[in-house]
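No experiment lies behind these values; they were computed from the predicted model shown. Every chain is numbered from 1, with letters handed out A, B, ... down the list of sequences.
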2 protein chains.
Amino acid sequence: MATARDVAERAGTSTAVVSYVFNNGPRPVSADTRRRVLEAAAELDYRPNILARALSAGRTYSLGLLIPQIRNPYFATLAEHLENFARQHDHLLLIGDSAGDPEQESAHIGSFIERKVDGVVLVSLLVEPAIQRFAAAGVPVVALHPVPEGVTVSTLSIDYVAAAEASTDHLLSHGYRTLGVVTGPEDSPGTSEHRRGIERALDKHPRASARYVASPVSRFAARDAVQPWFKQKRPPRAIYCSTDEQAFGVLFAAWEAGLRVPEDVAVMGFDGTSECTVTVPPLASVRQPIEETARSAVELLLDRTNTQAARHVLDYALVPSTSCGC
Amino acid sequence: MATARDVAERAGTSTAVVSYVFNNGPRPVSADTRRRVLEAAAELDYRPNILARALSAGRTYSLGLLIPQIRNPYFATLAEHLENFARQHDHLLLIGDSAGDPEQESAHIGSFIERKVDGVVLVSLLVEPAIQRFAAAGVPVVALHPVPEGVTVSTLSIDYVAAAEASTDHLLSHGYRTLGVVTGPEDSPGTSEHRRGIERALDKHPRASARYVASPVSRFAARDAVQPWFKQKRPPRAIYCSTDEQAFGVLFAAWEAGLRVPEDVAVMGFDGTSECTVTVPPLASVRQPIEETARSAVELLLDRTNTQAARHVLDYALVPSTSCGC
DNA sequence: TTGTAAGCGTTATCAC
DNA sequence: GTGATAACGCTTACAA
């Protein structure tokens with residue numbers, strides 16, 4: 001593999017100039033010299049050694065994505081978009097999948113810091129400790145979930161409370177009086193926001209009631225979580241899920257229990273992954289702007305001028321479908 | 001951040017010894033010195049700079065995974081297991097998702113080579129060109145799909161022909177006479193193996209016939225691909241899919257067309273992802289040994305002694321379920 | 001068993 | 001505009 005020294009020799013100049021050319025700075029280079037360098041580089045098929053560059057310049061041209069579970073289509077989609085935008089900016093995306101395990105998340109945090117990623121997109125189980133560690137290491141972070149007041153970090157998310165309210169309200173407006181709610185684990189970020197939105201909607205429908213169950217964000221866990229309801233004489237007439245992933249499990253549990261969706265039980269997901277359009281039956285959901293989230297996250301992380309921690313709120317969209325009775 | 005020099009000073013020794021301690025070699029260190037170094041390191045919270053280590057030693061302690069689509073649960077599961085095993089060996093897993101696009105795959109190949117990963121797990125769209133580039137760059141590769149004879153590379157896979165034959169035979173043994181086959185794109189690795197296996201099974205059931213359609217490996221594409229069949233007077237009585245991902249789309253298409261599974265049309269997937277157990281109805285499939293594949297792949301890549309290119313054949317398992325009529 | 005010092009391939013300072 | 005040269009932090013001959 002050719003090095004900058006090889007290119008410099010061939011172009012009759014120095015490694016410094018080769019560096020100036022390839023980085024467009026920090027010193028100017030005459031048009032003629034630049035041409036000779038580029039020619040020599042092309043002839044030798046020179047590519048700067050990223051590792052050396054990283055060591056010297058302190059930038060790795062990589063971004064980290066820390067998520068609870070890559071198998072969740074929402075995160076898989078997010079990863080795809082982030083990777084695209086990262087590539088457009090000549091960055092590599094590292095994916096850290098915690099598999100719902102705080103210890104694994106912690107290991108990934110260490111790994112990202114060790115490898116000196118230029119920034120991290122965070123969907124954390126630990127939230128505050130995670131943010132602290134990255135802050136201490138000087139790694140810029142964008143969090144995609146609700147973060148407690150007072151924690152200094154950029155966030156990029158929809159208004160979860162409003163979205164949960166809108167979704168629940170939609171269900172209750174169908175006339176469904178008994179609501180089942182599947183949230184994530186008690187302490188996971190977002191759970192309280194979903195609850196808050198649901199309570200608000202319930203306030204507007206005084207004759208409706210709700211029962212709650214917390215479940216890991218997995219279709220398998222969610223199926224298990226709602227099975228008891230479906231064995232009861234009077235299962236909830238409608239089920240609100242805080243993620244599509246869980247809703248997939250609920251659709252299955254209903255089928256397994258011999259309940260028709262939406263005739264016997266209506267189901268609403270959350271995230272609006274495209275997988276919703278091909279479930280049996282198609283799943284109503286709240287669409288998150290995944291692509292826009294990814295684009296903004298990459299821009300925020302790579303824009304070295306803007307170091308302000310700002311909280312950005314994106315738009316969501318309610319997407320009715322067969323599963324909610326439309 | 002503390003450096004080896006800091007640790008050396010504090011322990012009253014040299015950076016060389018610090019290195020010997022942290023790498024268990026290549027020179028021996030006295031028990032006492034080792035202890036002093038470890039103490040100093042602990043006090044300073046020293047962690048070797050991976051970038052510097054990589055530049056100097058030529059190893060990055062990272063593995064690459066190149067796949068067509070992270071949203072496919074089979075690949076997502078594979079990624080999870082690989083990441084676990086990689087972590088157990090103190091390696092980071094880089095995931096390159098080509099999204100079915102050869103250009104993106106090509107970009108990832110360049111990226112992996114540039115970043116000097118220690119090895120690559122390959123599920124390629126391009127196969128031979130990909131293998132060539134890694135070979136030229138001296139990057140060890142394990143391919144998880146069928147590879148043309150004569151190409152020198154380690155492979156790790158089930159016997160696709162036998163598995164396809166067993167699966168098809170299972171369907172035909174139910175008495176289904178008309179078979180629909182959904183394969184991947186014509187030129188994708190594996191497609192011809194599936195075909196070969198199917199032909200063999202058909203030979204054993206002379207009264208059965210098959211029609212074929214090639215489709216990108218996506219549930220959405222597969223739904224579109226089989227829709228015409230389901231609009232016909234006589235749709236195929238059973239459908240064989242070369243991936244679960246496609247079978248998910250087929251289940252949806254059947255529902256959409258008002259056909260019952262398995263009463264009107266039976267469906268068989270391939271890969272045996274756990275998502276099969278919670279589809280409506282549960283999907284019969286051929287289970288691939290994903291975890292074992294991941295374990296072996298990591299071991300093969302990290303075992304620097306064994307540089308032989310060997311073709312390893314793993315076991316598959318036919319998993320009947322509701323969708324095939326059991 | 002330990003220490004010195006020469007890389008690894010960049011970047012960027014500073015003098016010209 | 002350009003070119004020596006000193007980092008960056010580690011590994012590893014080689015010498016002691």
Side-chain angles (χ1 to χ4, degrees), chain A residues 1-38 40-41 44-62 90 92 113-118 137-138 304, chain B residues 1-38 40-41 44-62 90 92 113-118 137-138 304:
Chain A
M1 195 68 210
T3 71
R5 164 174 252 95
D6 301 328
V7 175
E9 272 172 17
R10 188 170 244 264
T13 180
S14 71
T15 62
V17 170
V18 173
S19 172
Y20 300 152
V21 169
F22 274 83
N23 297 310
N24 287 317
R27 308 260 125 250
V29 175
S30 74
D32 186 53
T33 311
R34 151 171 271 109
R35 193 186 43 67
R36 291 207 322 278
V37 167
L38 290 175
L44 296 172
D45 191 30
Y46 167 72
R47 320 203 127 268
N49 180 317
I50 298 196
L51 270 36
R53 174 195 300 225
L55 179 60
S56 176
R59 288 194 62 183
T60 54
Y61 290 84
S62 63
D90 286 315
L92 180 71
I113 291 173
E114 233 176 15
R115 293 185 125 98
K116 307 218 186 308
V117 296
D118 297 341
R304 322 301 243 92
Chain B
M1 195 66 214
T3 71
R5 165 174 253 94
D6 300 328
V7 175
E9 273 173 17
R10 189 172 244 265
T13 181
S14 71
T15 62
V17 171
V18 173
S19 171
Y20 300 152
V21 169
F22 274 82
N23 298 308
N24 288 316
R27 309 260 127 250
V29 176
S30 74
D32 186 54
T33 311
R34 152 171 270 109
R35 193 186 43 68
R36 291 207 320 279
V37 167
L38 290 176
L44 296 172
D45 191 29
Y46 166 72
R47 319 204 127 266
N49 180 319
I50 298 197
L51 270 38
R53 175 199 298 228
L55 180 60
S56 176
R59 288 194 62 183
T60 54
Y61 289 85
S62 64
D90 286 316
L92 180 71
I113 291 173
E114 233 176 16
R115 293 185 123 100
K116 306 215 186 309
V117 296
D118 296 342
R304 322 302 241 88

Colleague: Check whether the side chain of A/Y46 and the base of C/dG9 form a donor-acceptor pair under 3.5 Å.
Modeller: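 By the distance-only test, no, there is no pair.
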Colleague: Select one nucleotide: of D/dT11, C/dG9, C/dT11, the one nearest the side-chain heavy atoms of B/A57.
Modeller: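 Per side-chain heavy atoms of B/A57, the pick is D/dT11.
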Colleague: Rounded to whole Å, please give me the gap between CZ in A/R59 and C1' in D/dG9.
Modeller: 20 Å
Colleague: Step through the shown structure and confirm whether more than 12 heavy atoms of other residues, nucleotides or ligands are within 6.0 Å of CZ on A/R47.
Modeller: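 Check fails, neighbour count at 12 or below.
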Colleague: Consider the side chain of A/P26, meaning its heavy atoms from C-beta on, and name the nucleotide among C/dA12, C/dT11, D/dC10 that approaches it most closely.
Modeller: C/dA12
Colleague: Does A/M1 or B/G12 map to a spot on DNA chain C nearer the 5' end, using the closest nucleotide for each?
Modeller: B/G12
Colleague: Report the nucleotide, chosen from C/dT11, C/dG3, D/dC10, that has the shortest atom-to-atom distance to any side-chain atom of B/P48.
Modeller: D/dC10
Colleague: Counting heavy atoms not belonging to B/R5, are there more than 12 under 6.0 Å from its CZ?
Modeller: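 Incorrect, the count does not exceed 12.
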Colleague: In the structure I gave you, are the side-chain heavy atoms of A/V7 and A/R10 within less than 4.5 Å of one another anywhere?
Modeller: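 Heavy-atom side-chain distance check fails, nothing below 4.5 Å.
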Colleague: What is the distance, rounded to the nearest whole Å, between atom NZ of A/K116 and atom C1' of C/dT10?
Modeller: 16 Å
Colleague: Output the rounded distance in Å from CD1 (B/I50) to C1' (D/dT11).
Modeller: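 Between C1' of D/dT11 and CD1 of B/I50: 15 Å.
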Colleague: Picking from D/dT2, C/dT10, C/dT2, which would you name as closest to the side chain of B/R27?
Modeller: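 Closest nucleotide to the B/R27 side chain: C/dT2.
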Colleague: Judged by each residue's nearest nucleotide on DNA chain C, which is more toward the 5′ side, A/L55 or A/Y20?
Modeller: A/L55
Colleague: Could you give the CZ-to-C1' distance, from A/R53 to C/dA12, as a whole number of Å?
Modeller: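 Result: 13 Å.
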Colleague: Can you measure A/R35 atom CZ to D/dG1 atom P for me and round it to whole angstrom units?
Modeller: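 In whole Å, D/dG1 P and A/R35 CZ are 15 Å from each other.
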Colleague: Could you tell me how far apart B/D6 (CG) and D/dC10 (P) are, to the nearest whole angstrom?
Modeller: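 After rounding, the gap between these two atoms is 9 Å.
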Colleague: With hydrogens left out and only the distance checked, is there a donor-acceptor pair under 3.5 Å joining A/S56's side chain and the base of C/dT10?
Modeller: yes
Colleague: Would you check if A/R34 and A/N24 make a side-chain contact, meaning some heavy-atom pair closer than 4.5 Å?
Modeller: yes
Colleague: Using whole Å, report how far CZ of B/R47 lies from P of D/dC8.
Modeller: 21 Å
Colleague: Counting just side-chain N and O atoms, does A/T33 come under 4.0 Å of either OP1 or OP2 of D/dT2?
Modeller: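 Result: yes.
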Colleague: Please report the distance, rounded to the nearest Å, between CZ in A/R5 and P in C/dA6.
Modeller: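 One finds 15 Å between P of C/dA6 and CZ of A/R5, rounded.
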Colleague: What's the closest nucleotide to the side chain of A/N49 if the choices are C/dT11, D/dC10, C/dG9?
Modeller: C/dG9
Colleague: Could you please name the option among C/dT4, C/dG9, C/dC14 that lies closest to any side-chain atom of A/T3?
Modeller: C/dG9
Colleague: In chain order, what residues pass the side chain to side chain donor-acceptor pair (under 3.5 Å) check against B/D118, with sequence neighbours excluded?
Modeller: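 For B/D118, the residues satisfying side chain to side chain donor-acceptor pair (under 3.5 Å) (neighbours in sequence not counted) are B/T60.
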Colleague: Name the closest nucleotide to the A/T13 side chain, picking from D/dT2, C/dT10, D/dT11.
Modeller: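 Of the options given, the side chain of A/T13 lies nearest D/dT2.
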Colleague: Could you work out which one of D/dG1, C/dG3, C/dT1 sits closest to the side chain of A/S30?
Modeller: D/dG1
Colleague: For the base of C/dT10, is there a side-chain donor-acceptor partner from A/Y61 under 3.5 Å away?
Modeller: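 It does not, because no donor-acceptor pair links the side chain of A/Y61 to the base of C/dT10 below 3.5 Å.
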Colleague: Quick one: which of D/dC10, C/dT1, C/dA5 gets closest to the side chain of B/A16?
Modeller: C/dA5
Colleague: Does a side-chain heavy-atom distance below 4.5 Å link B/T3 with B/N49?
Modeller: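 Not touching, per the 4.5 Å side-chain cut-off.
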